[in-house]
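As the structure is a prediction and not an experimental result, all values here were calculated from the model. Position 1 is the first residue of the sequence; numbering continues from there.
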Amino acid sequence: MINPSIREEFPILHQSVNGHPLIYLDNAATSQKPRKVIDAVKKYYEWDNSNVHRGVHTLGSRATDAYEGAREKVAKFIGARSTKEIIFTRGTTTALNLVASSYGPANVGEGDEIVITQLEHHSNFIPWQQLAKRTGATLKFIPLQKDGSVSVEAAEQTITDKTKIVAIAYVSNVMGVTNPVKEIAAIAHRNGAVIVVDGAQSTPHMKVDMQDLDCDFYALSGHKMLAPTGIGALYGKKALLEAMEPVEFGGEMIDDVGLYDSTWKELPWKFEGGTPIIAGAVGLGAAIDFLQEVGLDEIHRHEAELAAYAEQRLSEVEGLSIYGPRNRSVGLVTFNLGDVHPHDVATVLDAQGIAIRAGHHCCQPLMRWLEVSSTARASFYLYNSQQEVDALVDALIKAKEYFAYELG
């Protein structure tokens, strides 16, 4: 397990909520920020604040170096071949929509297939649904196994030579499954399709390598991996990105502007019109430094142990249902407490200082597959502990007793 002293690096964790020490178990929604990240953003605004790629003055040069330095860190962190393959975005949602809006219409037409799953977050569901509607393509779904996982065999049976795009999450934000992305990428490529990977829930928690996975596009969000909100990145293979047209136009993405036509800058800047999220990129670079200092293997091991412990302890709560496969290696557990609405469960837990998620988790098609309207979710990160899992279980037992009394 990770040394508990790491909590000292996160100022927000040292507070009381509703008279109780804060226990933050909503990390799949957003992570907390260490001092190193907060200080990096503060330093940028206090010392280097300027626009990038434009001014020749000292502040402009320092800001540009910091911004492009962050791009280099992202490229190395995920195993990209070049910084030209890293496009800064607002996050996973923007990155996935960029691919759907630029690559999609140019490569998908009537009679083609787009393959996704019912596991997908709405950010990796609606763009492909809408692309299919606009182009006349067929939207297909890889069938889920009984435990909510995706099998290679099912992918093999669903992807055909008519498939142009396969879009799938590396890690589900509800079921806690890690999908066989590398194997599915190979199937997609054998059929002449590209694969788009939602990496929002994988990048913060495990080592990822674009060369090993061989995915064509990969999206990530900074705010789930200790960085500020509003910053993320799209990885794309260079040849694919070079062939794509930008979807936003404005300053700094242009090469030459004439009265009736314009040309674009080279990668990655042709996709980054306007003033970028400079401070966010600086914070993302600092977050990557922090994660690498702790070690992604150590983080993954820590979370897997917490998830196993949480499954064991939650199974002791009578009437509690856990969704997804057992013995998961991802640090989240999704559940329902009998017939009590998850929002009510979350409200009672919040009164005891425990923050969890409740709702459909931006996965309504998956909720229908599960035959529920919503669920509760506890998700862990490097600063969580077994003691916090124990506190969660104790609070759920109290909640069960409370609702049994109220309903009785």
Report yes or no: does [X] contribute a side-chain atom to a donor-acceptor pair with the main-chain N or O of [Y] at less than 3.5 Å?
{"X": "Ser379", "Y": "Ala28", "answer": "yes"}
{"X": "Glu303", "Y": "His300", "answer": "no"}
{"X": "Lys140", "Y": "Thr158", "answer": "yes"}
{"X": "Thr64", "Y": "His53", "answer": "yes"}
{"X": "Glu120", "Y": "Ala169", "answer": "yes"}
{"X": "Thr347", "Y": "His343", "answer": "yes"}
{"X": "Ser221", "Y": "His223", "answer": "no"}
{"X": "Asn107", "Y": "Gly104", "answer": "no"}
{"X": "Asp161", "Y": "Gly192", "answer": "no"}
{"X": "Asp261", "Y": "Val257", "answer": "no"}

For [X], the option from [options] that meets side chain to side chain contact (heavy atoms under 4.5 Å, CB included):
{"X": "Arg90", "options": "Thr229, Ile277, Asn97", "value": "Ile277"}
{"X": "Ile142", "options": "Leu119, Ile116, Val115", "value": "Val115"}
{"X": "Leu234", "options": "Val196, Ile86, Leu220, Val99", "value": "Val99"}

Distance alone, cut at 3.5 Å: any donor-acceptor contact between the side chains of [X] and [Y]?
{"X": "Tyr309", "Y": "Ser385", "result": "no"}
{"X": "Asn51", "Y": "Thr275", "result": "yes"}
{"X": "Gln352", "Y": "His20", "result": "no"}

Any chance you could measure [X], atom [atom1], to [Y], atom [atom2], to the nearest 0.5 Å?
{"X": "Asp198", "Y": "His121", "atom1": "CG", "atom2": "NE2", "result": "8.0 Å"}
{"X": "Ile184", "Y": "Ile159", "atom1": "CD1", "atom2": "CD1", "result": "6.5 Å"}
{"X": "Leu240", "Y": "Lys238", "atom1": "CG", "atom2": "NZ", "result": "12.5 Å"}
{"X": "Thr135", "Y": "Leu131", "atom1": "OG1", "atom2": "CG", "result": "4.5 Å"}
{"X": "Lys133", "Y": "Leu139", "atom1": "NZ", "atom2": "CG", "result": "11.0 Å"}

Does a sphere of radius 6.0 Å around [atom1] in [X] hold more than 12 heavy atoms from other residues, nucleotides or ligands, not counting ones at 6.0 Å or beyond?
{"X": "Arg81", "atom1": "CZ", "result": "no"}
{"X": "Arg71", "atom1": "CZ", "result": "yes"}
{"X": "Gln15", "atom1": "CD", "result": "yes"}
{"X": "Gln145", "atom1": "CD", "result": "yes"}
{"X": "Lys43", "atom1": "NZ", "result": "no"}

Q: Give the intermediate values and the outcome of side chain to side chain donor-acceptor pair (under 3.5 Å) for residues Thr30 and Tyr24.
A: CA-CA 10 Å; Thr30 197; Tyr24 185 78; 5.4 Å; no

Output field: ring centroids [X]/[Y] closer than 6.0 Å:
{"X": "Tyr67", "Y": "Phe88", "value": "yes"}
{"X": "Trp264", "Y": "Phe271", "value": "no"}
{"X": "Phe77", "Y": "Tyr235", "value": "no"}
{"X": "His122", "Y": "His360", "value": "yes"}
{"X": "Phe380", "Y": "His302", "value": "no"}

Q: Could you go through the side chain to side chain donor-acceptor pair (under 3.5 Å) check for Glu113 and Thr160 one step at a time?
A: CA-CA 8 Å; Glu113 298 173 348; Thr160 73; 2.7 Å; yes

Flag side-chain contact, heavy atom, 4.5 Å: [X] against [Y]:
{"X": "Val197", "Y": "Leu213", "result": "no"}
{"X": "Met210", "Y": "Cys215", "result": "yes"}
{"X": "Pro325", "Y": "Val177", "result": "yes"}
{"X": "Gln386", "Y": "Leu306", "result": "yes"}
{"X": "Leu96", "Y": "Leu98", "result": "no"}

Q: From the options Glu242, Glu252, Glu272, select the one residue that forms a salt bridge (charged side-chain N to carboxylate O under 4.0 Å, His left out) with Lys265.
A: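 Considering Glu242, Glu252, Glu272, a salt bridge (charged side-chain N to carboxylate O under 4.0 Å, His left out) with Lys265 is found only for Glu252.
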
Is it true that [X] and [Y] make a salt bridge, defined as a side-chain N closer than 4.0 Å to a carboxylate O?
{"X": "Glu46", "Y": "Lys42", "result": "yes"}
{"X": "Asp147", "Y": "Arg326", "result": "no"}
{"X": "Arg190", "Y": "Glu156", "result": "yes"}
{"X": "Glu245", "Y": "Lys270", "result": "no"}
{"X": "Lys162", "Y": "Asp112", "result": "no"}
{"X": "Asp214", "Y": "Lys182", "result": "no"}
{"X": "Glu266", "Y": "Lys84", "result": "yes"}

Q: On the 0 to 90° scale, with breaks at 30° and 60°, tag the Tyr381-Tyr383 ring pair as parallel, tilted or perpendicular.
A: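 Perpendicular: the ring planes of Tyr381 and Tyr383 meet at over 60°.
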
Q) Between Asn179 and Val171, is a side chain to side chain contact (heavy atoms under 4.5 Å, CB included) present by the stated rule, with each step listed? A) CA-CA 6 Å; Asn179 290 319; Val171 171; over 6 Å; no

Q. Passes side chain to side chain donor-acceptor pair (under 3.5 Å), Tyr323 versus Asn336? Steps please.
A. CA-CA 8 Å; Tyr323 302 97; Asn336 269 327; 3.1 Å; yes

Q: Might you work through the side chain to side chain donor-acceptor pair (under 3.5 Å) test for Ser123 and Thr93, ending with a clear yes or no?
A: CA-CA 5 Å; Ser123 296; Thr93 299; 2.7 Å; yes

Q: Output, in order, the C-alpha distance, side-chain angles, deciding distance and verdict of side chain to side chain contact (heavy atoms under 4.5 Å, CB included) for Ile165 and Trp128.
A: CA-CA 9 Å; Ile165 295 174; Trp128 312 114; 3.8 Å; yes

Q: In sequence, state the C-alpha distance, the side-chain angles, and the governing distance for Lys33 and Ile12, and then conclude on side chain to side chain contact (heavy atoms under 4.5 Å, CB included).
A: CA-CA 8 Å; Lys33 321 306 176 193; Ile12 199 171; over 6 Å; no

**Q.** Trace of the side chain to side chain contact (heavy atoms under 4.5 Å, CB included) decision for Ile114 with Thr138
**A.** CA-CA 6 Å; Ile114 303 170; Thr138 299; over 6 Å; no

